[in-house]
Amino acid sequence: MRREFSAGGVVVRNLRGRPVLAAIRPAGKPDGTWALPKGLIAPGERAELTALREVAEETGVEATPVEKLGDIRYVYTWAGERVFKVVSFFLFRYRAGRLGDIPPEHAHEVAEVRWLPLEEAPRLLAYKGEREMAAKALERFSR
Ligand code: ATP
């Protein structure tokens, strides 16, 4: 089976006194399909660096690494071929920038961006693995 390796970020900040995370709706997905920013790891690239880059490209915000959250695994089918995918996720703290200030060359990848309440993210995110990453971030944030 073809394999694919990506990395992504859970970017957390406080907004009006409550923790929120940066979520995207990938282009082509129906309303309410919330996902975490992520992308393919370039050859030789450190996963954490990939995640920071993808966060900037897909959400417009700059972030600071906190710690690794974990890896998620899934299989999807593309053009009749099954792909086994591993995505490494990192917990990041928001540093600068406006959510949605996406570089024009990446604007077509993202339909919508939003700060989701961290407490609700484990329920609002569309994919099980990503919901688990949000739950971990919530755990770390509230201890
Ligand atoms: P990347 O963001 O890593 O560059 P991509 O956008 O090319 O990747 P994916 O986001 O992996 O590709 O999406 C490929 C397929 O897998 C889509 O049908 C998507 O709905 C599905 N998918 C995405 N994330 C998950 C997940 N965490 N669990 C299960 N299926 C997922």
Side-chain angles (χ1 to χ4, degrees), residues 1-13 15 18-143:
M1 209 187 307
R2 195 155 75 83
R3 286 166 174 267
E4 212 165 83
F5 300 94
S6 280
V10 177
V11 182
V12 177
R13 77 182 298 190
L15 210 57
R18 62 177 190 173
V20 291
L21 70 68
I24 68 166
R25 175 161 66 90
K29 296 290 180 190
D31 277 4
T33 309
W34 296 109
L36 297 171
K38 62 165 176 59
L40 287 183
I41 301 172
E45 190 176 38
R46 265 177 55 226
E48 188 183 76
L49 199 67
T50 304
L52 282 172
R53 181 171 48 76
E54 292 292 337
V55 160
E57 290 173 357
E58 297 188 338
T59 72
V61 309
E62 306 292 327
T64 306
V66 178
E67 63 188 23
K68 185 168 176 182
L69 285 173
D71 299 324
I72 71 167
R73 293 168 177 79
Y74 53 96
V75 173
Y76 71 93
T77 304
W78 190 79
E81 192 189 5
R82 276 157 65 79
V83 180
F84 174 73
K85 184 152 183 171
V86 182
V87 187
S88 300
F89 277 102
F90 296 85
L91 178 60
F92 293 149
R93 187 169 288 276
Y94 166 85
R95 194 177 77 230
R98 268 251 311 271
L99 196 69
D101 268 355
I102 300 173
E105 61 274 28
H106 294 283
H108 66 279
E109 299 169 25
V110 178
E112 209 181 339
V113 291
R114 186 172 297 177
W115 291 111
L116 297 181
L118 187 55
E119 287 189 5
E120 289 167 45
R123 176 174 61 80
L124 293 175
L125 291 171
Y127 303 111
K128 176 167 167 280
E130 297 194 354
R131 290 200 291 265
E132 287 166 6
M133 294 299 113
K136 274 195 166 188
L138 178 60
E139 219 174 81
R140 302 267 199 290
F141 210 77
S142 29
R143 75 178 173 213

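Please read all numbers here as calculations on a predicted model, not as lab measurements. When a ligand or atom number is given, it counts from 1 through the structure's own listing order.
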Q: Is the closest N or O pair between Glu4 and ligand 1 shorter than 3.5 Å?
A: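 No, no N or O pair falls under 3.5 Å.
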Q: Considering distance alone, does some N or O of Glu58 sit under 3.5 Å from an N or O of ligand 1?
A: no
Q: Starting from atom 10 (O) of ligand 1, find the nearest protein heavy-atom neighbour and note its residue, name and distance.
A: Lys38 NZ, 2.5 Å
Q: Which residue pairs pass the side chain to side chain donor-acceptor pair (under 3.5 Å) test when at least one of the two sits in residues 91-104, sequence neighbours left out?
A: none
Q: Record the part of Ile72 in heavy-atom contact with ligand 1 below 4.0 Å; permitted values are side chain, backbone, both and neither.
A: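 The answer is the side chain.
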Q: Quick check: do Phe92 and Glu48 have side-chain heavy atoms less than 4.5 Å from each other?
A: yes
Q: Are any of the protein's heavy atoms under 4.0 angstrom from atom 13 (O) of ligand 1, yes or no?
A: no
Q: Using distance alone, decide if ligand 1 has a nitrogen or oxygen within less than 3.5 Å of any nitrogen or oxygen in Lys85.
A: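 By distance alone, the answer is yes.
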Q: Hey, what's the ring geometry for Tyr74 with Tyr76, parallel, tilted or perpendicular (30° and 60° as the breaks)?
A: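 Tilted.
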Q: I want to check something: taking the side chain as every heavy atom from C-beta on, are Arg2 and Phe84 in contact at a cut-off of under 4.5 Å?
A: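 Not in contact.
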Q: Salt bridge or not between Glu132 and Lys128? Use side-chain N to carboxylate O under 4.0 Å.
A: yes
Q: For atom 21 (C) of ligand 1, find the nearest protein heavy atom and state the residue, atom name and distance (0.1 Å precision).
A: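 Checking every protein heavy atom, the shortest distance to atom 21 (C) of ligand 1 gives Tyr127 OH, 4.1 Å.
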Q: At the 4.0 Å heavy-atom cut-off, does Gly39 count as touching ligand 1?
A: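 Flag set, Gly39 near ligand 1.
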Q: Kindly determine whether Leu36 and Leu21 satisfy side chain to side chain contact (heavy atoms under 4.5 Å, CB included), including the steps that lead there.
A: CA-CA 9 Å; Leu36 297 171; Leu21 70 68; 4.0 Å; yes
Q: Any salt bridge linking Lys38 with Glu130? Criterion: basic side-chain nitrogen under 4.0 Å from a carboxylate oxygen.
A: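 Salt bridge between Lys38 and Glu130, a charged N being under 4.0 Å from a carboxylate O: no.
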Q: Which residue supplies the protein heavy atom nearest to atom 30 (N) of ligand 1, what is that atom called, and how far is it?
A: Tyr74 CD1, 3.5 Å
Q: In this structure, does ligand 1 have an atom that sits under 4.0 Å from one of the heavy atoms of Lys29?
A: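 Lys29: in contact with ligand 1 (<4.0 Å).
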Q: Show your reasoning for whether salt bridge (charged side-chain N to carboxylate O under 4.0 Å, His left out) applies to Arg123 and Glu120.
A: CA-CA 6 Å; Arg123 176 174 61 80; Glu120 289 167 45; 3.5 Å; yes
Q: List every atom of ligand 1 that sits less than 4.0 Å from any heavy atom of Ser6, numbering the atoms from 1 in the order shown and giving each element.
A: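 Ligand 1 atoms under the 4.0 Å threshold to Ser6: 1 (P), 3 (O).
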